[in-house]
Amino acid sequence: MVKEDETFPCDLIFLSSSRADGTCHVTTASLDGESSHKTHYAVQDTKGFHTEEDIDSLHATIECERPQPDLYKFVGRINVYSDLNDPVVRPLGSENLLLRGATLKNTEKIFGVAVYTGMETKMALNYQSKSQKRSAVEKSMNVFLIVYLCILVSKALINTVMKYVWQSEPFRDEPWYNQKTEAERQRNLLLRAFTDFLAFMVLFNYIIPVSMYVTVEMQKFLGSYFITWDEEMFDEETGEGPLVNTSDLNEELGQVEYVFTDKTGTLTENNMEFKECCVEGHVYVPHAVCNGQVLPAAAAIDMIDASPGAGGREREELFFRAVCLCHTIQVKDDDEVDGPRKSPDSGKRCAYISSSPDEVALVEGIQRLGFTYLRLKDNYMELRNRDNDIERFELLEILSFDSVRRRMSVIVKSATGEIYLFCKGADSSIFPRVIEGKVDQIRSRVERNAVEGLRTLCVAYKRLIQEEYEGIYKLLQAAKLALHDRERKLAEAYEQIEKDLILLGATAVEDRLQEKAADTIEALQKAGIKVWVLTGDKMETAAAACYACRLFRRNTQLLEVTTKRLEEQSLHDVLCELSKTVLHCSASLTRDSFSGLSADVQDYGLIIDGAALSLIMKPHEDGSSSNYRELFLDICRNCSAVLCCRMAPLQKAQIVKLIKFSKEHPITLAIGDGANDVSMILEAHVGIGIIGKEGRQAARNSDYAIPKFKHLKKMLLVHGHFYYIRISELVQYFFYKNVCFIFPQFLYQFFCGFSQQTLYDTAYLTLYNISFTSLPILLHSLTEQHVAMDTLKRDPALYRDIAKNALLCWRVFIYWTFLGVFDALVFFFGAYFMFENTTVTSNGQVFGNWTFGTLVFTVMVFTVTLKLALDTHYWTWINHFVIWGSLLFYIVFSLLWGGVIWPFLSYQRMYYVFIHMLSSGPAWLAIVLLVAVSLLPDVLKKVLCRQLWPSATERVQTRNQCLSVEQPTVFMLSQTSSSLTF
């Protein structure tokens, strides 16, 4: 027994509840994030067991499938035994299963029997993690690390060989003051060489930036909060802000080349408004009703066409009844629902709640035409007709909607004993099953509404006699009771039942575009990102939405690969013809300027449907499918936008996978709001879920979640841009400073007989990457803004400067590496030649090896820190604090370690070394001079490149600097002129 507001401890079969109708309401927020109340139904033969004694007297057995993770699927059956009769067999489905983790709501108590417990529950089976996604930056880091590993091995090998070459001369291997023992002389040469090789590996291992991985993870984790904290991405209407489910892909947001988006609920609001219905060729426009809100100044019924005759009126009312009955809406009272949609009923106010917003819009719209759906009670559906009379229909069967059939049906029995099958679905699934009705008139109206971007559904019916229904009942029961292939058997049964229908009419519902959806798509195209729309809607509806959101423009030449065209031509001929069309244009004009936005470039848009895609993806016996795929990809690459309609969820994932693994290997992003978008969200490099009205399954399975599609613009063009710039500079800087750090150590071996003597003190070796140089680059990688945020939003083309991993390509990597080698040569030989054979202190003392190493280390710390300061464009007090503070910390630590500030910490070999170095005037000169010489090439390179070959970003930076200089000048002149007027 589970009581109200308690959580189910395991997966239960629902036997009975305190409600008379044998239902209960649950919330599954902890499972799928959906906070709406879901209705579950007790087993028909046990819902009358209301006490513990009744449950004790129950004798039944349950057969069910093996545990599997799908939250929305369950197959089983229950055998209820009476004293004398044969057992009653009832099917069990997901509506009878109460899941562990769900919470009981608005029901005093329920009784259930456990079927899955522990790790076999659906909640536990969904603990498994999603496949790991790795960003392009992370892959580049690993490749660069392999290069540096090869450099490390090369250094160790060179020094090992050079050691034995150097020792081959007499007396170098055994000086008179360091004679070897007999055991050392007898030691194997190869073993000695291998030991020396390992010693050099340990000495030079600091070139491998292990701390870089720690810093990168910290930067990603802390940087992800900038998205969460962004107030501009908070939606006041829903009270939702952006969510970051993983921080591993932050920089990937700055590398996106393809965006795959759903239409309904993503580009549109999924806020359905009933526009009209067409019955037998007559069009009805009710009050403008949108989610229970009646817009003023609307006529009750505006019959655009002539009124129907007496016979037509019967069909008209039958159509209204069909729409009122063919759905899965639950009606709940105000006190049962928090913030529901109100039904404008003159009596008790109620809320219509459904998993599909279309159903709510249809029922609300028909209500304004005189028929009001009231409730489902004791398996009877009640509605109020135009005469204010209550009509009751017994609900016999529900043939549930699925994305393959694209329709649903109900079988009901009227009070007069007539049995009806009402069917509602997409025009492509209804028209082939119709044998009677005004098909041509309704088809033309459906096509007209689709062109206007409205969502259309067709409604049909047929009368059943008792014998037909009994045959249907037996067919459905046999399929429902099957434990194996239940879904296939049900689909076959539905196919037999839903045929020979009579067409009644069609409905039209408008799904408005989201705010700024068109601006967002236009900005993404200017940024060089190709946008594809993947939807299950019909082609005309989807194409109208694409025009509205400016994915297609008026001058766009549409190319079609649809089932209708393939009936006239073969797939090969269609693809070849389209390929010639687009490739002829691309041969003379490059298409990189504005992704088809330029007026002088012919703009192509491609439309393909699910059936045509299946033919392209289908492998043939002769292996020609790959040719079709390559041909199709060539066409897509030369189209500014692609619309894929009539897509099943798995086909969406297939499209993403096709582009993802094409020869260019572009970075893909998929965005959607519903469960049908989860597959493509998981397949893409970056998956973004919309926190919408179709539940939170997309948001749960995504890498990032945003409240509205318009927020994608800032997420990519601003946050993604900043993330990529910051982490690429972090990675290159880490490799650079480690080359600066360890290359002098390599050079030092040529001056110490390859004896594995360290140039730096052990404290400096340990703290270089931990304390002296780590914090400035971490803060730089969190706060740097090379261009103002408003500029990035205003000029999307700047996104192109960082495309295709531009800042982590081999050319840039080699530049940073050679810059580090040059600086290391300056550090070492500058210090070496400056003090060679010279006395440097007033008492005639010369520098020892620890003083020399400390001088090189001091120049190096100042150089790499000031190099970061020169690369900083956006200064804050935090930058000043960590950059100058890290230099101050190095000085204080050196004084402390040398026993100057804290004598008790005097370290024998470093005692007073740092202060001894600073007591020399030439050392100060060396530090200033060598730091300046080290930084000079990088400064010259930046100045020359900015003047001769500036990028778009550098031009914007120069323009902004000029404006910032001109503004104070203009202000001063205006102040001067105003003072002169007095």
Would you say the side-chain atoms of [X] and [Y] include a donor-acceptor pair closer than 3.5 Å?
X	Y	result
Ser140	Asn805	yes
Asn738	Tyr733	no
Asp801	Thr953	yes
Lys660	Thr668	no
His873	Gln785	no
Asp938	Tyr815	yes
His719	Asp230	yes
Asn879	Tyr874	no

Over 12 foreign heavy atoms within 6.0 Å of [atom1], [X]:
X	atom1	value
Tyr164	OH	yes
Tyr213	OH	yes
Tyr225	OH	no
Lys793	NZ	yes

Short question: side chain of [X], backbone of [Y] - any donor-acceptor pair under 3.5 Å?
X	Y	value
Asp196	Ala193	no
Tyr704	Asn250	yes
Asp795	Thr791	no

inquiry  = Would Phe741 and Tyr760 count as a ring pair (Phe, Tyr, Trp, His ring centres under 6.0 Å) here? Give the steps.
reply    = CA-CA 10 Å; Phe741 179 45; Tyr760 315 117; 5.3 Å; yes
Do [X] and [Y] have side chains that approach each other closer than 4.5 Å (heavy atoms only, starting at C-beta)?
X	Y	result
Val739	Asp823	no
Ser702	Asn245	yes
Met715	Ile688	yes
Gln757	Asn849	yes
Gln219	Leu730	yes
Leu157	Phe197	yes
His721	Leu253	no
Ile883	Trp875	yes

message = One pair to check against side-chain contact (heavy atoms from CB on, under 4.5 Å): Thr858 and Tyr890. What are the steps and the verdict?
response = CA-CA 9 Å; Thr858 302; Tyr890 166 68; 2.6 Å; yes
Validation row, ring centre [X] to ring centre [Y] under 6.0 Å:
X	Y	value
Phe751	Tyr832	yes
Phe735	Tyr148	yes
Phe893	Phe772	yes
Phe857	Tyr768	yes
Phe144	Phe734	no
His665	His685	no

side-chain contact (heavy atoms from CB on, under 4.5 Å) between Asp248 and Arg134, worked out = CA-CA 7 Å; Asp248 290 338; Arg134 294 169 58 226; over 6 Å; no
Looking at [X] and [Y], what are the two nearest heavy atoms and their distance?
X	Y	answer
His780	Glu729	NE2-OE1, 2.7 Å
Tyr799	Gln255	OH-N, 3.2 Å
Pro796	Leu717	CB-CD1, 3.8 Å
Pro209	Leu145	CD-CD1, 3.8 Å
Thr863	Ser934	CG2-CB, 3.6 Å
Phe822	Pro937	CE2-CG, 3.2 Å

task = Begin with the C-alpha distance, continue with both residues' side-chain angles, and end with the deciding distance and a verdict on side-chain contact (heavy atoms from CB on, under 4.5 Å) for Met141 and Met212.
result = CA-CA 10 Å; Met141 284 169 51; Met212 176 183 69; 3.9 Å; yes
request  = Give the intermediate values and the outcome of side-chain contact (heavy atoms from CB on, under 4.5 Å) for residues Trp816 and Val812.
outcome  = CA-CA 6 Å; Trp816 280 82; Val812 179; 3.6 Å; yes
What I want to find out is whether [X] reaches [Y] closely enough, with some N-O distance under 4.0 Å, to be called a salt bridge.
X	Y	value
Lys133	Asp703	yes
Arg637	Asp634	yes
Glu251	Lys220	yes
Glu232	Lys713	no

query = Once the angle between the rings of Phe260 and Tyr258 is folded into 0 to 90°, is it parallel (under 30°), tilted (30 to 60°) or perpendicular (over 60°)?
reply = parallel
